[in-house]
Amino acid sequence: MLIALIVFIVYIPAINGGFIWDDDAFLTQNPLIRASDGLYRFWFSTEPPDYFPLTSTTLWFEWRLWGENATGYHVVNLLLHILNSILIWFVLKKLKVPGAWLAALIFGIHPVNVESVAWITERKNLLPMSFFLLSIIGYLEFDKRNDRMFYIFSVTAFLLALLSKTSVVMLPFVLLGLVWWQHGKITIKDWVRSVPFFALSLIMGGITVWFQYHNAIGTTIVRDDGFLSRLAGAGWALWFYLYKAVIPLNLSFVYPRWDTTRPSLVSFLPLLCLATLMAVFYYHKKTWGKPFLAGIGYVIITLFPVLGFLNIYFMKYSLVADHWQY
């Protein structure tokens with residue numbers, strides 16, 4: 001209740017906010033939101049720019065409640081963020097991480113998360129995050145009790161997360177990492193248990209890539225640089241996100257777009273430094289290195305889809321974004 005109260009108070013200004021950027025295309029001027037058969041078209045057509053049918057479904061119903069009054073959408077976004085903060089507390093408690101409650105509160109009021117909460121369109125961040133965390137909780141319970149119902153719950157929650165937005169596509173790797181955190185090893189049985197999660201990731205990830213390249217991007221040239229350029233940029237992006245998480249200063253809706261078209265050896269230093277650190281943590285994984293390996297490894301794995309190896313329309317403006325960190 002205290003987490004909920006503090007986060008609510010901090011976000012009171014967002015409740016009074018309006019519509020910004022692509023809220024018109026995604027919501028207020030979206031013909032599928034207004035259409036009586038919009039739900040069918042969200043789920044069973046290729047008309048939407050992206051395939052986030054569950055997120056679009058929530059907005060379709062809310063449009064019939066709030067219409068062009070932005071307050072209702074902002075309240076729902078805030079409630080989802082409060083729920084996510086509390087679920088993070090539950091996850092960290094189950095993992096026996098010291099300071100779990102404080103970590104959840106920090107997440108709830110962290111400035112880097114404001115973009116996802118106060119921007120109505122980023123419902124597609126908040127909703128999948130809820131199911132993502134529920135899937136983790138279900139899997140941890142299954143791992144503890146070996147009760148098949150928790151396993152089914154976890155797989156189902158993951159599917160709902162993917163249908164909200166496929167940014168959660170790396171969850172199978174996260175679950176394997178949590179198994180390692182809990183037991184110190186990953187067995188063949190753990191890999192077998194992860195097969196349905198990987199299958200869902202591949203299917204939904206493929207659908208998302210198709211929608212992104214055929215509908216959202218189309219003929220727009222987002223990036224024309226090569227693999228080495230993108231590899232160097234990924235190192236920059238990882239350090240950028242770590243920096244903003246620790247020192248959230250000079251946050252921006254759109255950060256200046258880096259020029260990585262001609263990477264030099266210096267461009268690869270951030271990635272080399274990170275790889276060296278991870279190697280040191282791995283070497284000391286049985287002692288002090290384990291939490292650093294797990295924590296930073298989690299950051300790298302979950303951010304992988306937005307590190308620049310795949311084209312995303314927003315990269316036309318910036319190669320990093322606060323809402324991708326959420």
Side-chain angles (χ1 to χ4, degrees), residues 41-57 91 123-140 142-143 148-181 185-218 222-223 227 230-231 233-234 237-238 294 297-315 321 323-326:
R41 292 156 72 183
F42 279 131
W43 285 88
F44 303 109
S45 80
T46 58
E47 293 180 63
D50 290 294
Y51 192 68
F52 308 143
L54 190 55
T55 297
S56 299
T57 295
V91 169
R123 172 73 58 82
K124 58 190 178 184
N125 263 4
L126 302 163
L127 189 61
M129 179 68 151
S130 300
F131 291 118
F132 174 88
L133 294 168
L134 287 170
S135 181
I136 290 176
I137 291 171
Y139 197 86
L140 290 175
F142 165 70
D143 184 60
R148 187 176 299 178
M149 290 305 298
F150 285 106
Y151 181 79
I152 295 172
F153 173 85
S154 180
V155 174
T156 303
F158 181 46
L159 175 60
L160 294 174
L162 289 167
L163 291 170
S164 302
K165 188 181 181 182
T166 44
S167 55
V168 297
V169 73
M170 302 302 287
L171 178 64
F173 294 101
V174 172
L175 295 179
L176 289 173
L178 294 179
V179 169
W180 171 79
W181 173 263
K185 61 181 180 179
I186 301 174
T187 65
I188 297 296
K189 182 185 288 188
D190 295 318
W191 282 104
V192 171
R193 289 171 171 175
S194 70
V195 168
F197 294 92
F198 278 109
L200 288 173
S201 289
L202 286 172
I203 294 169
M204 294 303 300
I207 292 173
T208 297
V209 169
W210 188 93
F211 269 83
Q212 186 70 203
Y213 278 79
H214 286 79
N215 291 5
I217 295 176
V222 175
R223 299 181 67 177
F227 175 75
R230 293 171 184 246
L231 185 62
L238 284 167
Y298 174 86
V299 172
I300 295 171
I301 288 171
T302 51
L303 281 173
F304 183 81
V306 294
L307 292 181
F309 298 108
L310 296 172
N311 284 341
I312 300 173
Y313 186 78
F314 188 82
M315 288 183 177
H323 66 275
W324 287 340
Q325 175 133 273
Y326 195 90

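Only this structure's heavy atoms are used, side chains among them; waters, hydrogens and symmetry mates stay out.
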*Asks:* Please name the pair of heavy atoms, one in Ala161 and one in Phe132, separated by the smallest distance, quoted to 0.1 Å.
*Replies:*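 That closest heavy-atom pairing would be CB-N, 3.9 Å.
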*Asks:* I need the minimum non-hydrogen distance between Met315 and Leu310, along with the two atoms involved.
*Replies:*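 Looks like SD-O, 3.8 Å.
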*Asks:* Please check if the side chain of Asp190 supplies one atom and the backbone of Val179 the other of a donor-acceptor pair under 3.5 Å.
*Replies:*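 Checking the backbone N and O of Val179 against the side chain of Asp190, no donor-acceptor pair under 3.5 Å is found.
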*Asks:* Taking side chain as C-beta onward, heavy atoms only, is Val155 less than 4.5 Å from Phe142?
*Replies:*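 No, their side chains stay 4.5 Å or more apart.
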*Asks:* Measure up the Tyr151 and Tyr139 rings against each other and bin them: parallel (under 30°), tilted (30 to 60°), perpendicular (over 60°).
*Replies:*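 The rings of Tyr151 and Tyr139 sit tilted, inter-plane angle from 30° to 60°.
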*Asks:* Could you tell me if the side chain of Phe52 sits less than 4.5 Å from the side chain of Arg123, heavy atoms only?
*Replies:*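 They are not in side-chain contact.
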*Asks:* Does a side chain donor of either Thr57 or Trp43 reach within less than 3.5 Å of an acceptor in the other side chain?
*Replies:*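 The answer is yes; a qualifying pair exists.
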*Asks:* Kindly compute the distance separating CG (Leu307) from CZ (Phe309), expressed to the nearest 0.5 Å.
*Replies:*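 Answer for the CG-CZ pair, Leu307 versus Phe309, is 6.0 Å.
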*Asks:* Please round to the nearest 0.5 Å and tell me the distance separating atom OG1 of Thr46 and atom CD1 of Ile207.
*Replies:*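 If we round to the nearest 0.5 Å, Thr46:OG1 and Ile207:CD1 are 12.0 Å apart.
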*Asks:* Applying side chain to side chain contact (heavy atoms under 4.5 Å, CB included) to Arg193 and Leu176, what does each step give before you reach the verdict?
*Replies:* CA-CA 10 Å; Arg193 289 171 171 175; Leu176 289 173; over 6 Å; no
*Asks:* Donor-acceptor pair, distance only, cut-off 3.5 Å: does the side chain of Ser194 make one with the backbone of Trp191?
*Replies:*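 Checking the backbone N and O of Trp191 against the side chain of Ser194, a donor-acceptor pair under 3.5 Å is found.
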*Asks:* Shortest non-hydrogen contact from Gly138 to Phe153?
*Replies:*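 Minimum heavy-atom separation between Gly138 and Phe153: CA-CD2, 3.8 Å.
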*Asks:* Side chain to side chain contact (heavy atoms under 4.5 Å, CB included), that's the test. Do Phe131 and Leu54 meet it? Break it down for me.
*Replies:* CA-CA 11 Å; Phe131 291 118; Leu54 190 55; 3.7 Å; yes
*Asks:* Which distance, rounded to the nearest 0.5 Å, do you find between the CG of Leu238 and the CZ of Phe304?
*Replies:*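 Between atom CG of Leu238 and atom CZ of Phe304 there are 10.0 Å.
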*Asks:* Mind listing the side-chain donor-acceptor pairs of residues 164-173 below 3.5 Å, one per line with the distance, residues two or more places apart or on another chain?
*Replies:*
{"residue": "Ser164", "atom": "OG", "partner": "Leu160", "partner atom": "O", "Å": "2.8"}
{"residue": "Thr166", "atom": "OG1", "partner": "Thr208", "partner atom": "OG1", "Å": "2.6"}

*Asks:* Any side-chain heavy atom of Phe158 sitting closer than 4.5 Å to one from Leu134?
*Replies:*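 No. Closest side-chain heavy atoms not under 4.5 Å.
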*Asks:* Within a radius of less than 6.0 Å around CZ of Phe150, do more than 12 heavy atoms belonging to other residues, nucleotides or ligands occur?
*Replies:*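 Buried by this count: over 12 neighbours within 6.0 Å.
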*Asks:* Distance from Ser201 atom OG to Phe198 atom CZ, nearest 0.5 Å?
*Replies:*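 Between Ser201 OG and Phe198 CZ, I get 7.0 Å after rounding to 0.5 Å.
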*Asks:* Could you pull out all residues at least two apart from Phe44 that satisfy side-chain contact (heavy atoms from CB on, under 4.5 Å)?
*Replies:*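 Testing Phe44 for side-chain contact (heavy atoms from CB on, under 4.5 Å), a comparison that skips the adjacent residues, returns Tyr40.
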*Asks:* About how many Å separate CG of Leu159 and OG of Ser154, when rounded to the nearest 0.5 Å?
*Replies:*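 Ser154 OG to Leu159 CG: 11.5 Å, rounded to 0.5 Å.
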*Asks:* What's the spacing between Thr187 OG1 and Trp180 CH2 if we round to 0.5 Å?
*Replies:*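 Going from the OG1 atom of Thr187 to the CH2 atom of Trp180 covers 15.0 Å.
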